[in-house]
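Note that ligands are numbered from 1 as they come in the structure, with each ligand's atoms numbered from 1 the same way. Worth saying up front: this structure is predicted, and the values here are computed from it rather than measured.
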Amino acid sequence: MPRERLYLFDTTLRDGAQTNGVDFTLADKLSIAALLDDLGVDYVEAGYPGANPIDTNFFAQPRKLRAKLTAFGMTRRPGRSASNDPGLVALLEAEADAICFVAKSWDYHVRVALETTEEENLASIRDSVRAARAKGREVLLDCEHFFDGYKAKPAYALACAQAAYEEGARWVVLCDTNGGALPHEVERIVGEVCAKIPGGHVGIHAHNDTEQAVANSFAAVRAGARQIQGTLNGLGERCGNANLTSIIPTLKLKADFAQQFEIGVSDEKLHGLTHVSHALDEILNRAPNRHAPYVGESAFATKAGIHASAIVKEPATYEHVAPEQVGNRRKLLVSDQSGRSNVLAELERIGLAVDKDDRRVIRLLDEVKEREAIGYAYEAADASFELLARRMLGRVPHYFDVEKFDVGVEQRVNAKGERVTVSQAVVKVKVGDELLISVAEGNGPVNALDLALRKDLGKYQKFITGLELTDYRVRILNGGTQAVTRVLIESADEAGERWTTIGVSSNIIDASFQALMDSIVYKLIKSGALA
Ligand SMILES: [Zn+2]
């Protein structure tokens, strides 16, 4: 049986831009659009031309997208003609392949928010769709608050959707704008809509306020809808939009969907999904969510020793899909519960394969256990584990020694009479026969120490110029008589690779120093620096 086409509509650049703390520049938008297009989504909704300079500029850029570039905006204002509404005119003028209008479909909102009549709202939908069609654009109508509207007054919500469909809208999109609908309600209501409007013209736009945006999208597809709207990594205001990064692999890898539907994302592009997800985080300067389904660092991580030996023998025993299919990797955690099979598998993964009876494996395991007992957590610090293993196997070159460091924090009153705190670090490093002294001021003592450490490493400096600290986490552990500080540092390099290192001490500066040193040494090894 031929598979049915299911369409993916991405709104990362429009609805996703509503995320708290997200502010896309024009350059960000262009690179995200290129990522999405390469992945294989069918529509890229890029913003509101005419409403702000960045979006207006975006649509004016020359581009070569395979996906349909979609402009978003309101239907004509009540009481005005389509040609007499400047917002609508700007939208129609934009160089877009498709236009997505948003309109009210809840009678309560029509009365209270729009302060107009139900009839006038329907006329506005009809006029706007007609005007965009006349401009040769493909048209979509987002029916705002559709599910709440349908529960309150089904005939009116449906009339709004039908008005757009009858005027030639390619898609009528049912929006769960406040994200409160539940999967069984979505399935029932979409089923009723699809009895009036063919499902091949019906889309779903779900928000994640009950953490069911993905489930609601699938419920709508089961009921007949054939377009899913969502965002990469589930970006979006409040709790986010339906997460395409989870929806895409589920559609492609779960038999019930894969046998019935075809999407524009190829198997090969699916292999790049983890990369796409992390690339977006990189643009947003955010640490990736380790626990994200399919693409998170922990998505295929297993901790207990008994499971690990089974996974090594037969991965399918504990994994719902193969990590390679989405470009992720299996991770066997080295931890106090782990057995020898974990350590062996992890050594093999990092390219340090040793014989399974090698005594150094037992020594490494004992060392890990001892260190974890005093607060280290190697499952969260892959790079520090690798260094520990390399040291045990005698495979860490002797690059440099930090002979001494001194960190000071000074509080004083500046010339304007304001209280300021200044942190300064002095680091004495010995590289070969060379003694290097670096001084740096920083935003806090750890930052000052980091800057001073990385300021001058002599002949190794060129290997660490692309090194960047992307995340710094501190936890105070209450280990018996005295509190211990655990520091985790995430670093990234010019190639976009990320790694995490750890330090533990009763002193936060010392714990940070250990983690910083591990990160620098790890980077030197990775770059192939020779001692
Ligand atoms: Zn939305």
> Does the side-chain contact (heavy atoms from CB on, under 4.5 Å) test come out yes or no for L516 and R454, once each step is laid out?
Replying inline: CA-CA 9 Å; L516 289 169; R454 293 195 285 139; 5.8 Å; no
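- A donor-acceptor pair shorter than 3.5 Å cannot be found between the side chains of S277 and T245.
- The CD atom of E138 sits 3.5 Å away from atom NZ of K68, with the distance rounded to the nearest 0.5 Å.
- Between H320 and F300, the angle of the ring planes stays under 30°, which puts this pair in the parallel group of the 30/60° scheme.
- Under the salt bridge (charged side-chain N to carboxylate O under 4.0 Å, His left out) criterion, R329 pairs with no residue, sequence neighbours left out.
- A side-chain N or O of D15 and one of H205 form a donor-acceptor pair less than 3.5 Å apart.
- Here the protein contributes D15 OD2, H205 NE2, H207 NE2 as N, O or S atoms under 2.8 Å from the Zn ion (ligand 1).
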